[in-house]
Amino acid sequence: MAEDKKSEYVKVWERFIKGDDDAISFLYFELFDEMLNFGLKYTRDTGIVEDCIQDFFIELFKKQKKLPAVSNIRFYFFSSIKHKVLRELKRRSILQQGNSLPESDFLIDYSFESKLITEETKKHYSRLLKQCISQLNSNQKEAIYLRFNCGMDYMEISTILGINVASSRTLIYRSVKAIKDTIEKNNLTGIVLFNILKLFKVKVDFRE
Amino acid sequence: MNRFDNYKFEDFLLDPDFCAWVMDKKKHFNKDYSAYFEKNPSVYKTALRAKLVLELLKDEKVSIPLTRKIQIWDLVRNAINKTQAPKNWIGRSFKYAAIIVVVVGIASLFYLNMNRDNEIDQYIASYRTDYTETVLKLDNGKEFKIASKKSEIVYNTEGDKIVINNKQYIELSEKKKARQSQLIVPFGKKSKIILEDQSEVWLNAGSQLIYPDIFDGKKREVMLIGEAFFKVAKNKEKPFVVKTGKMRIEVLGTSFNIRAYPDENIEEAVLVEGGISLALKNKIINNKVELRPNQRFVVSNESLDYNVSEVNVEDFTSWIDGVFIFNNEPLKNVLKRVSRYYNLEIIGVGQIGPKFISGKLDLKEDANKVLDAIAVISDGEYFEENGKIIFKLKNE
């Protein structure tokens with residue numbers, strides 16, 4: 001994430017903890033979509049995630065003057081939402097079944113198909129990726145999501161996953177290697193690859 | 001020597017800068033990257049594969065409508081307010097306030113009705129072109145400046161909350177609902193506003209819209225200086241009225257484009273769909289003109305003569321998408337529109353008056369490219385002098 005945005009968030013946060021109520025609404029609207037999407041990786045129930053976001057902000061208001069200075073707002077919001085969603089899921093499962101939650105799975109659910117991929121080659125890549133990702137374990141999926149969707153660094157990923165930095169690095173590396181192996185194992189013929197390139201030269205010009 | 005020289009496919013995926021560039025399409029990387037890739041086609045091929053994978057990895061995002069976000073935010077705010085003790089004295093003083101309001105209300109209603117039709121003239125008289133930022137002026141004296149080139153302002157259906165550019169959130173006080181708010185879009189910028197009735201209005205550069213935060217009267221009345229495209233939400237009980245310097249346009253629910261810049265010698269309305277009824281404001285006999293889709297109404301400022309013709313509506317509405325189409329249009333007008341759009345001072349010299357041109361300009365390009373295109377079409381040339389653009393025809 002761009003550094004200037006990061007420091008803008010920090011400034012807004014400081015205004016909020018000094019008593020400016022309106023400041024926090026900026027962060028709410030700015031980060032809502034990302035928090036929602038991230039929360040939806042733990043449950044498919046939008047209502048639960050919305051409730052957790054709502055709860056989170058109510059708590060922020062209640063503790064407003066006692067809140068600490070935070071240097072990485074986005075990360076702080078993400079980990080709070082994850083924590084809340086997991087706690088809520090646990091609470092519900094105890095209420096419903098009287099037992100604890102089964103080992104949760106990270107619901108990474110890339111909807112490649114809906115991206116209107118018409119070309120055979122892109123479809124081919126999509127299929128490979130989908131197949132590859134479905135074989136990753138839950139931690140790997142979450143790491144891939146945080147890295148490639150949310151653009152987080154190893155430090156941030158490790159904290160959210162509750163592992164150390166070196167492990168998060170290994171986790172990403174292994175996942176990327178799995179993707180690479182799948183793609184190279186099923187490599188396309190020269191002609192098809194040539195077609196991708198031709199297509200990309202037109203569609204995604206680096207000079208755009 | 002470049003760090004990409006020996007990159008393999010996976011190295012690209014693990015490179016945070018490269019990923020950030022693909023994900024966010026960071027502009028400042030583009031130049032360095034493209035120059036390098038041009039010289040190294042084999043690395044380029046690998047990078048393209050990595051780019052494709054990264055783009056596929058970018059999860060489809062779930063997005064919920066802004067109104068829902070506002071709803072949830074309201075729940076947060078309500079939960080907070082409940083924890084504070086209610087203040088009783090407000091309730092008591094309200095009764096007295098109500099009586100005063102009624103008395104004042106009757107007087108001002110009378111006053112307003114008399115002056116309503118010419119209210120726009122005051123705004124036209126104070127029309128300024130030296131704004132540098134988009135400004136949202138609320139009746140309570142608050143002003144919000146928006147620096148972005150394009151902006152979006154959204155009112156919720158109760159008309160008591162505003163969200164600017166999907167992030168800045170403004171709450172209007174319940175007690176004092178603003179009568180006339182004003183959105184001012186300077187040269188070089190565009191804006192879209194969704195009003196309380198959820199009608200959508202796209203404002204072109206150098207335009208102003210005067211509108212109430214809530215439409216509580218029998219009609220939904222707004223005033224326009226400049227150019228705007230309206231997509232009016234259907235409401236048969238409450239007609240939507242747009243007033244300009246010369247025109248008064250009444251609709252129930254439809255989309256149309258209006259152009260009424262004080263510094264141009266015509267005003268026009270073009271109907272895209274639905275139906276509108278149009279009257280000239282200052283005519284003694286107030287004939288109403290009904291427009292059908294694909295018709296254009298033009299009135300001249302000097303004579304108040306008007307005519308209606310069939311047109312291709314796309315020519316008049318494409319500015320919303322940053323394209324400017326003109327068909328046998330005076331060169332002078334084309335230059336004026338371009339100058340507004342880019343906030344440039346363009347001076348046409350010599351015989352450009354009688355020159356008519358046709359063409360299509362992509363306003364997403366920078367100003368120089370657009371001016372180059374106009375120069376080619378019109379067989380003219382331009383140069384810069386003291387920060388102004390001087391445009392003339394070649395044969396002079």
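Lettering follows sequence order; numbering is per chain, from 1. Every heavy atom of this structure was used, including side-chain atoms; hydrogens, water molecules and symmetry mates were not.
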### Query
Can you tell which of Ile170(B), Asn165(B), Leu75(B), Ile70(B) has the highest number of heavy-atom pairs within less than 4.5 Å of chain A?
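The candidate making the most pairs under 4.5 Å is Leu75(B).
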### Query
Is there a donor in the side chain of Asp197(B) and an acceptor in the side chain of Ser199(B), or the other way round, less than 3.5 Å apart?
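Yes, because at least one side-chain N or O of Asp197(B) sits under 3.5 Å from a partner of the opposite role on Ser199(B).
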### Task
Indicate whether any N or O donor in one side chain lies under 3.5 Å from an N or O acceptor in the other, for Tyr76(A) and Tyr9(A).
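Tyr9(A) and Tyr76(A) do not have a side-chain donor-acceptor pair below 3.5 Å.
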Is it true that [X] and [Y] have a side-chain N and a carboxylate O under 4.0 angstrom from each other?
{"X": "Glu200(B)", "Y": "Lys192(B)", "result": "yes"}
{"X": "Asp33(A)", "Y": "Lys69(B)", "result": "yes"}
{"X": "Arg68(B)", "Y": "Glu50(A)", "result": "yes"}

Select one option (side chain, backbone, both, neither) describing which atoms of [X] are under 4.5 Å from chain A's heavy atoms.
{"X": "Phe9(B)", "result": "side chain"}
{"X": "Leu13(B)", "result": "both"}
{"X": "Val53(B)", "result": "both"}

Tell me, for [X] versus chain B, whether the close heavy atoms (under 4.5 Å) come from the side chain, the backbone, both or neither.
{"X": "Ile58(A)", "result": "both"}
{"X": "Asp51(A)", "result": "neither"}
{"X": "Phe56(A)", "result": "neither"}
{"X": "Phe26(A)", "result": "both"}

### Task
Measure from the ring center of Tyr341(B) to the ring center of Phe324(B) and say whether it is less than 6.0 Å.
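Distance test on ring centres: not under 6.0 Å, no.
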